[in-house]
Amino acid sequence: MNGCQTGKILCILLVACVLMIATSSSLRADDVRALTGRTFAQLARGGLLYDNWLAERGVAINETHPAYPAAGTQKGESTWRCKECHGWDYKGKAGAYSQGSHFTGIKGIRDYANQDPHFIARIIGDDLHAFGDRLTKEDVEALALFVAYGQIDTDLYISRETKKTIGDATNGGRIYLSTCTKCHGYDGKEINFKDDKSPEYIGTLASKNPWETLHKIRWGHPGTPMISLVFLDLKEQLDVLAFCQALPAE
Ligand code: HEC
Ligand code: HEC
């Protein structure tokens, strides 16, 4: 082996190492398990509230949110959900809601990842958001923790073009089949989410909206006994998403 070849091999090894470190640290950076005790419990609740604080708290509102723009096509209660204005991918107009029936033109919450939860709590409590006393102080703290430490950069784990995740379906199957099956069935068809009875199963949603599915895998489904998997590695949560995407869509 000559010197030039050895140099090339070393160079390839170095690049591989850098890539490995970059990939593993991008997963670790979003690892919320550094939080413990009550703070972790609050964070988990924050994820549920972001999805649908009205369902989680049993609140009903008949009007459309005053800050919901005329450009949007949604009406009434759903316009009060954080996800409706800021997206399942937390990127607002820069993400999946850049078009379609959920477009609002509002920006996401990504700029506030890893920022001071106290400061975030003030934004959530501001006049624009108009939540008033519909949210308690604890709710706002939980939501602020979620914005600071619970959100992830979904583009690192889900392709915008193909909607496929980097997760491993085989490993995800171990978790899904021992946990989710209890309520959703082996094929994800046990609960049909559409009121009109047209089929929307776990497989349907996971392929159509992987961002929503991942959010629910991480935090649970508001107002139901569905559990949160946020205590697992993010990698394992993505594995569950991959398995869900492999389930039948019809
Ligand atoms: C009806 C739409 C609407 C809803 C619902 C909504 N927001 Fe907002 N939010 C906005 C608008 C508009 C802004 C200002 C964005 C800007 O400055 O361009 C904003 C800004 C923010 C910001 C600061 C983002 C930034 O980078 O400046 C955070 C954090 C935030 N909202 C969190 C939340 C949370 C948490 C909830 C749910 C409890 C929520 N929002 C619900 C419309 C909404
Ligand atoms: C204790 C029962 C239970 C368990 C366990 C459970 N879920 Fe659920 N899940 C529900 C209920 C109830 C709903 C709400 C159904 C509805 O909208 O009518 C739901 C909703 C969902 C949704 C949202 C569907 C939609 O369109 O709104 C997804 C995705 C989901 N579950 C995935 C999972 C996955 C993945 C697991 C395993 C990690 C899991 N669930 C475990 C009960 C459960």
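Read the numbers this way: they start at 1 and go in the same order the structure lists the ligands and their atoms.
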Nearest candidate to atom 17 (O) of ligand 1, where distance is taken over non-hydrogen atoms, out of Lys107, Lys93, Gln151, His65: Lys107

Which of the numbered atoms in ligand 2 are below 4.0 angstrom from a heavy atom of [X]?
{"X": "Glu200", "result": "26 (O)"}
{"X": "Ile217", "result": "35 (C)"}
{"X": "Leu229", "result": "38 (C)"}
{"X": "Cys244", "result": "35 (C)"}

Contacting atoms of ligand 1, where contact means under 4.0 angstrom from a heavy atom of Arg81: 5 (C)

Under 4.0 Å from one or more heavy atoms of Phe131, ligand 1 contributes atoms 37 (C), 38 (C), 41 (C)

I'd like to know if Phe146 contacts ligand 1, where contact means a heavy-atom distance under 4.0 Å to any ligand atom. no

Of all the heavy atoms in Gly108, does at least one lie under 4.0 Å from an atom in ligand 1? yes

Please determine, by modelled atom types, if Tyr201 and Lys194 share a side-chain donor-acceptor pair under 3.5 angstrom. no

Can you tell me if Glu141 and Gln42 form a side-chain donor-acceptor pair at under 3.5 Å? yes

Under 2.8 Å from atom 8 (Fe) of ligand 2, the protein N, O or S atoms, given as residue and atom: His184 NE2, Met226 SD

Strictly under 6.0 Å, is that where the ring centroids of [X] and [Y] end up?
{"X": "Tyr50", "Y": "Tyr90", "value": "yes"}
{"X": "Tyr149", "Y": "Tyr112", "value": "no"}
{"X": "Phe103", "Y": "Tyr97", "value": "no"}

Quick one: nearest non-hydrogen protein atom to [atom], plus distance?
{"atom": "atom 27 (O) of ligand 1", "value": "Tyr112 CE1, 3.6 Å"}
{"atom": "atom 25 (C) of ligand 2", "value": "Phe193 CG, 3.6 Å"}
{"atom": "atom 5 (C) of ligand 1", "value": "Thr79 O, 3.3 Å"}
{"atom": "atom 29 (C) of ligand 2", "value": "Leu205 CD2, 3.6 Å"}

Hey, can you tell me if His129 and Phe131 have their rings parallel, tilted or perpendicular (30° and 60° cut-offs)? parallel

A quick test of your reading: do over 12 heavy atoms of other residues, nucleotides or ligands sit less than 6.0 Å from [atom1] of [X]?
{"X": "Asp127", "atom1": "CG", "answer": "no"}
{"X": "Phe119", "atom1": "CZ", "answer": "no"}
{"X": "Tyr186", "atom1": "OH", "answer": "no"}
{"X": "Asn62", "atom1": "CG", "answer": "no"}

Tell me whether Lys235 is salt-bridged to Asp239, with the criterion being a basic N under 4.0 Å from an acidic carboxylate O. yes

Does a side-chain N-to-carboxylate-O contact under 4.0 Å join Arg45 and Glu56? yes

Near atom 8 (Fe) of ligand 1, protein N/O/S count under 2.8 Å comes to 2

Sorted by chain and number, sequence neighbours left out, salt bridge (charged side-chain N to carboxylate O under 4.0 Å, His left out) with Asp89 holds for none

Rounded to the nearest 0.5 Å, what separates atom CG in Leu43 from atom OG in Ser228? 8.5 Å

Mind jotting down which residue pairs meet the ring-ring contact (aromatic ring centres under 6.0 Å, His included) criterion with at least one end in residues 66-86? Sequence neighbours excluded, please. His65-Trp80

Contact check, side chains of Arg218 and Leu234, non-hydrogen atoms, under 4.5 Å: yes

